[in-house]
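What follows is a set of notes on a single structure, which appears directly below.
By convention in this document, chain letters (A, B, ...) are assigned in the order of the sequence lines, proteins followed by strands, and residues within each chain are numbered from 1. Since the structure is predicted, the reported quantities are computational estimates derived from the model, not experimental observations.
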Protein chains: 2
Amino acid sequence: MELSTSEKILDVAQSLVVAGGYNGFSYADISEAIGIRKASIHHHFPTKAALVSVLVGRYVRQAQEGLKSLRDHVPDPVDQLDAYLAYWQKCVIDSSEPFCVCAMLASEMQMLPDEVARQVRLHFQSLAEWLASVLKSGEEQGAFQLDVSPGEEAQILVASVHGALLSARALGDAKLFLAILGPQVARLRA
Amino acid sequence: MELSTSEKILDVAQSLVVAGGYNGFSYADISEAIGIRKASIHHHFPTKAALVSVLVGRYVRQAQEGLKSLRDHVPDPVDQLDAYLAYWQKCVIDSSEPFCVCAMLASEMQMLPDEVARQVRLHFQSLAEWLASVLKSGEEQGAFQLDVSPGEEAQILVASVHGALLSARALGDAKLFLAILGPQVARLRA
DNA sequence: CGATGCCTACCTATTAGTAGGAAGACAACA
DNA sequence: TGTTGTCTTCCTACTAATAGGTAGGCATCG
């Protein structure tokens with residue numbers, strides 16, 4: 001089935017945000033990409049702030065669903081963590097989405113519309129919570145051995161993932177992502 | 001002594017880049033901040049690309065000088081690493097420069113002028129090299145115990161530092177930086 | 001003198017956003 | 001059945017503000 005126009009707009013806008021952030025794209029860019037007039041985009045999303053807010057909302061929801069289904073369908077916490085990292089590794093390798101929308105926006109935090117900033121903050125929190133719960137389960141099963149609390153270890157992982165995405169992008173070296181995260185998860189293993 | 005106009009321009013532009021990236025500021029912003037006309041800025045820096053290139057060049061040079069003098073004046077590799085992290089911790093805590101210029105620009109890599117992208121890439125490389133040499137010295141002295149090679153461990157640290165800066169910014173929590181980096185350097189200690 | 005620093009005044013392209021209309025889909029209804 | 005009326009989608013055409021950048025003039029200083 002064909003994608004609806006508003007979904008096409010969101011898809012294009014998302015890849016533009018990933019590429020250049022909130023100030024790195026315009027309605028004209030989207031217009032050109034999907035063959036529609038600028039005014040038609042305003043019909044679907046009255047302001048840029050509203051567009052990005054819907055976009056981030058969708059992204060956060062999809063991420064939460066993905067992480068939740070990972071916890072539900074993959075039994076082993078070690079495999080859950082591996083699957084999460086494999087997702088990003090794939091994104092980086094095939095350049096389909098070589099950066100996290102919320103990480104991108106977090107770097108521009110100070111100039112984001114309030115609502116978007118709030119959403120980004122919540123995403124960082126819920127991601128850390130998910131990782132903390134995975135690490136805690138793994139620790140209880142004796143599969144992980146943590147130096148600090150699951151919550152603190154989760155914050156380290158969140159930072160490592162985003163930092164590794166950034167390094168890979170900066171150096172144009174997709175393999176760098178796993179080179180950084182590999183040792184980081186290896187040391188968690190009991 | 002008074003700062004020269006071009007240094008004032010660079011200072012303001014740098015804090016604007018840190019806040020919002022390459023596309024997050026304009027000549028008008030600088031003009032307003034230092035009380036000078038837009039055209040006068042063009043007199044000092046003919047194009048925005050040239051301005052940012054000079055700005056990044058200055059930043060990279062200062063960083064290299066700082067790191068070099070740290071290696072020269074601080075004997076212990078462990079103290080060298082601590083001093084490097086203390087520098088960023090201070091920047092984050094007092095909000096003087098809560099993010100790395102090159103990390104900010106790295107996130108926008110795909111839309112940067114070629115010359116600036118090159119400079120950012122080089123900064124990431126030289127930072128990793130410095131950290132690798134510090135880690136190697138520390139390992140040889142028995143002060144560090146590394147799981148992987150100094151080079152790989154350095155890439156992990158670069159990613160951790162930038163990721164921690166990003167998390168601290170995203171959550172608006174300055175203490176998060178050290179909460180992430182503390183355990184990371186602790187595990188390196190023999 | 002010439003170079004430097006800063007100015008006024010201007011330019012063109014692009015920005016986000018608006019007003020109002022045409023075309024089609026889809027009911028409700030006589 | 002045809003005929004409304006409304007809703008959605010997209011359009012042309014426009015706006016005011018801002019973007020980066022240019023031309024040329026006026027002081028000042030070595």
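The side chain of A/Ser26 places no N or O atom within less than 4.0 Å of a non-bridging phosphate oxygen (OP1 or OP2) of C/dT14. For the pair A/Thr5 and D/dC10, the criterion of a side-chain N or O lying under 4.0 Å from OP1 or OP2 is met. Applying the 4.0 Å criterion to OP1 and OP2 of C/dG5, one finds that B/Ser40 has every side-chain N and O outside that range.
Checking side-chain atoms of A/Gln14 against main-chain N and O of A/Leu55 turns up no donor-acceptor pair under 3.5 Å. Judged purely by atom type and a 3.5 angstrom limit, A/Lys48 uses its side chain to pair as donor or acceptor with the backbone of A/Tyr22. Side-chain N or O atoms of A/Trp88 include none that pairs as donor or acceptor with a backbone N or O of A/Leu165 at under 3.5 Å.
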Could you list the donor-acceptor pairs under 3.5 angstrom formed by side chains in residues 33-41 of chain A, with sequence neighbours left out?
none

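Following rounding to the nearest Å, A/Ile9 (CD1) and D/dT8 (C1') show an atom-to-atom distance of 14 Å. Look at OH on A/Tyr27: it is 22 Å from P on D/dC14, rounded to the nearest Å. In this structure, CD1 of B/Ile41 is placed 13 Å from C1' of D/dA19, rounded to the nearest angstrom. What separates CD1 of A/Ile30 from P of C/dA16 is a distance of 8 Å, to the nearest Å. Protein atom CZ of A/Arg37 is 16 Å distant from nucleotide atom P of C/dA16, rounded to whole Å. Rounded to whole Å, the distance from NE2 on A/His44 to P on D/dT9 is 6 Å. One atom, NZ of B/Lys8, and another, C1' of C/dG5, lie 12 Å apart when rounded to the nearest Å. For the pair B/Asn23 CG and D/dT18 C1', the interatomic distance rounds to 14 Å; values are reported in whole Å.
The side-chain hydrogen bond (donor to acceptor under 3.5 Å, both in side chains) test applied to B/Asp173 returns no partner, not counting sequence neighbours. Legend: residues meeting side-chain hydrogen bond (donor to acceptor under 3.5 Å, both in side chains) with B/Gln145, ordered by chain and number and at least two apart, are absent.
B/Ser126 and B/Gln64 share a donor-acceptor pair across their side chains, judged by distance under 3.5 Å alone. Side-chain atoms of A/Glu140 and A/Ser137 form no donor-acceptor pair, as typed in the model, at a separation below 3.5 Å.
A/Phe99 and A/His162 have their aromatic ring centers separated by at least 6.0 angstrom.
Contacts of B/Phe25 with the nucleic acid, taken as non-hydrogen atoms under 4.0 Å apart, involve only primed sugar atoms and P, OP1 or OP2.
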Give me, pair by pair, the N or O atoms of the protein and of nucleotides 21-25 of chain C that are less than 3.5 Å apart, along with how far apart they are.
none

Every protein N/O lying under 3.5 Å from an N/O of nucleotides 2-4 of chain C:
none

Next item on the list: For nucleotides 22-30 of chain D, just jot down a letter per nucleotide in 5' to 3' order: B, S or -, based on protein non-hydrogen atoms under 4.0 Å.
Entry: BB-------

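Residues A/Pro77 and A/Leu135 have side chains not in contact (no heavy-atom distance under 4.5 Å, counting atoms from C-beta outward).
No more than 12 heavy atoms of other residues, nucleotides or ligands sit less than 6.0 Å from atom CD of B/Glu32.
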Notebook entry, point to check: Is there a side-chain hydrogen bond (donor to acceptor under 3.5 Å, both in side chains) between B/Gln119 and B/Ser53 once you walk through the steps?
Noted result: CA-CA 8 Å; B/Gln119 292 172 299; B/Ser53 180; 3.2 Å; yes

